[in-house]
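Just so we're on the same page: letters track the sequence lines, and every chain starts at 1.
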There are 2 protein chains.
Amino acid sequence: MPPTRTAVRPSLSRELVADRALEIADTEGLESVTIRRLATELGVTPMALYWHFKTNDDLLDGLADRVLDAVELPERSGEWAADIRAALVALVTAMRPHPQAAHRVAERVMAHPKGLELTEAALSALSAAGFSPEAASYLAMQALRSAVAMVTADQVDDSGQTAEEREAHLRRKQATIASLDPAQYPAVVAHARAMTYCGDPESLFALGVDLFIAGVRGLAEGQRR
Amino acid sequence: MPPTRTAVRPSLSRELVADRALEIADTEGLESVTIRRLATELGVTPMALYWHFKTNDDLLDGLADRVLDAVELPERSGEWAADIRAALVALVTAMRPHPQAAHRVAERVMAHPKGLELTEAALSALSAAGFSPEAASYLAMQALRSAVAMVTADQVDDSGQTAEEREAHLRRKQATIASLDPAQYPAVVAHARAMTYCGDPESLFALGVDLFIAGVRGLAEGQRR
DNA sequence: ACCTGAACACCGTTCAAGT
DNA sequence: ACCTGAACACCGTTCAAGT
């Protein structure tokens with residue numbers, strides 16, 4: 001019965017495949033996203049995926065695009081600091097559920113309509129703040145990278161591992177730091193707990209945004225001094 | 001004549017292998033650093049490298065450590081802003097020749113004596129600035145990520161390619177941006193040139209450092225208000 | 001201590017073919 | 001349009017063995 005064939009295995013689409021790939025990336029890391037692995041999970045031949053994606057790289061782009069698809073564009077207020085903050089928060093919010101994919105997402109920003117909207121908002125805000133095109137461009141890119149930094153801040157490194165592996169890694173790391181010579185690295189040893197466990201992710205997230213905004217504000221004041 | 005055997009192929013060492021790996025990473029990207037490829041270049045069996053490195057991951061750690069080895073530790077001045085700036089500049093200076101390895105280097109900072117020295121300087125400076133252990137730890141890590149961002153700023157994405165490929169990619173990107181609808185993305189189109197070509201890397205580098213310092217200074221003032 | 005050789009289970013990708 | 005099958009050239013890694 002050919003009509004119910006889709007009940008057995010719904011035919012693939014670029015979005016469907018990319019979403020499955022994103023799930024793999026979230027749980028096991030980006031480098032677990034392979035054509036062959038993905039094909040097996042989708043119950044399909046590796047070659048089937050080549051109809052939807054040119055290469056494995058293209059697949060990873062598709063995965064990143066799914067994250068950008070979810071960006072909810074902020075409305076402009078006209079106040080430059082508020083606008084650039086809103087753009088930054090919008091991007092970070094979309095990326096937070098997918099820290100493992102963050103780097104890829106950043107690379108795709110200029111190739112995606114939502115990414116371009118965010119960049120547009122950032123650039124016009126920075127221009128309004130008085131920065132030259134060169135400075136504004138650099139700061140916009142730095143905002144992008146700050147967003148990646150915020151999103152990946154909890155996990156000490158973004159080597160793709162499962163959640164349990166990463167926790168174990170964190171514990172090992174804290175033990176290592178705590179066992180350092182306090183005479184040689186007093187501040188590091190004193191910060192062992194704070195460096196590895198983040199009690200309140202929300203407040204650190206806010207701190208990251210504030211840091212960037214404060215930096216831009218400081219530079220802007222210097223600029224027009 | 002066994003004594004001159006070393007003239008044909010000097011015996012391997014962890015540092016020698018890592019340095020060759022770093023060269024490959026610099027010219028062709030991190031993912032071109034494979035055990036087999038490296039073995040071929042060194043005129044040796046793939047398995048020979050397993051004597052010096054446990055896994056391919058360990059090899060990449062070794063490569064990153066070579067970058068950190070070259071860090072020249074700044075002397076402390078006692079003024080916190082100057083001290084954290086000096087630490088940031090020291091790290092960026094060491095990483096700049098190796099942008100492709102920057103991410104890996106950042107991950108190794110807490111596992112390397114030079115990295116620990118930098119962290120020690122950053123944490124004690126941030127404590128002196130009045131930040132809590134949690135905030136200081138977060139800002140120190142953000143400094144690290146800012147450093148990575150600065151180093152990789154020129155190359156639009158860090159997908160490992162040769163220098164020529166990256167230039168071509170840049171040109172293509174500029175063309176793409178320039179061909180966007182100016183009605184929809186006026187600021188982006190206006191910044192097409194500034195976004196893709198960086199006239200003076202030094203000044204942008206300075207801007208990145210200034211941005212971070214200004215941000216920390218702004219937060220510190222808010223903190224003790 | 002330091003390196004070789006054979007083997008295994010992965011991987012991306014091309015080409016030709018099926019429906 | 002959408003997918004299969006066989007094949008090729010890579011890859012990391014284990015195990016046993018050589019000197």
Side-chain angles (χ1 to χ4, degrees), chain A residues 1-22 24-25 27-64 100 104 107 159-162 165, chain B residues 1-22 24-25 27-64 100-101 104 159-162 165:
Chain A
M1 30 179 91
T4 57
R5 202 177 62 94
T6 56
V8 179
R9 186 184 54 67
S11 79
L12 301 177
S13 74
R14 198 177 158 92
E15 288 76 22
L16 189 149
V17 175
D19 283 339
R20 192 79 197 83
L22 188 53
I24 296 178
T27 54
E28 299 178 44
L30 256 197
E31 69 286 302
S32 293
V33 179
T34 68
I35 297 266
R36 296 185 107 107
R37 158 78 188 275
L38 194 52
T40 307
E41 287 204 12
L42 292 167
V44 100
T45 280
M47 292 312 99
L49 301 186
Y50 278 88
W51 180 259
H52 303 279
F53 301 93
K54 265 201 293 288
T55 64
N56 187 46
D57 229 61
D58 189 30
L59 169 63
L60 295 176
D61 282 347
L63 171 159
Q100 311 256 24
R104 269 279 166 173
E107 286 173 23
S159 58
Q161 305 154 320
T162 73
E165 283 175 325
Chain B
M1 25 181 92
T4 57
R5 204 174 61 93
T6 57
V8 180
R9 184 184 57 67
S11 80
L12 302 176
S13 74
R14 197 177 159 93
E15 289 75 23
L16 189 149
V17 175
D19 282 339
R20 192 79 196 82
L22 189 52
I24 296 178
T27 54
E28 299 178 44
L30 258 197
E31 70 287 302
S32 293
V33 179
T34 68
I35 297 267
R36 295 185 107 106
R37 157 79 188 275
L38 193 52
T40 308
E41 287 203 14
L42 292 167
V44 100
T45 278
M47 293 311 99
L49 301 185
Y50 279 88
W51 181 258
H52 304 278
F53 300 92
K54 265 202 292 291
T55 64
N56 187 45
D57 229 62
D58 190 30
L59 169 62
L60 295 176
D61 282 346
L63 170 158
Q100 311 256 25
R104 268 280 166 171
S159 59
Q161 304 153 323
T162 72
E165 281 174 327

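Listed candidates were C:dA6, D:dG5, D:dC11. Nearest to the side chain of B:Met47 is C:dA6. For B:Leu12, taking side-chain heavy atoms from C-beta onward, the closest of the listed nucleotides D:dT13, C:dC3, D:dA6 is C:dC3. Checking D:dC3, D:dG12, C:dC3 against the side-chain heavy atoms of B:Ala48 singles out C:dC3 as nearest. The listed nucleotides are D:dC11, C:dC11, C:dA1; the one nearest the side chain of B:Trp51 is C:dA1. Looking at the side chain of A:Arg36, the nearest of the listed nucleotides D:dC3, C:dG12, D:dT13 is C:dG12. With C:dG12, D:dT13, C:dC3 as the choices, the nucleotide that has an atom nearest any side-chain atom of A:Asn56 turns out to be C:dG12.
Regarding contacts with the backbone of C:dC2, every side-chain N or O of B:Ser11 stays at 4.0 angstrom or more from both OP1 and OP2.
Across D:dC10 and C:dA9, the matching C1' atoms stand 13 Å from one another, rounded to whole Å. Straight-line distance between the C1' atoms of D:dC3 and C:dC15: roughly 15 Å, to the nearest whole Å.
As the counterpart of D:dT19, C:dA1 is assigned, both hydrogen-bonding distances of the Watson-Crick or G-U wobble pattern falling under 3.5 Å. Within the shown strands, C:dA6 is the pairing partner of D:dT14 under the Watson-Crick or G-U definition, both distances less than 3.5 Å.
A donor-acceptor contact shorter than 3.5 Å is absent between the side chain of A:Arg36 and the backbone of A:Pro46.
Classification of A:Asp61 and A:Lys54 as a salt-bridged pair fails, no side-chain N sitting under 4.0 Å from a carboxylate O.
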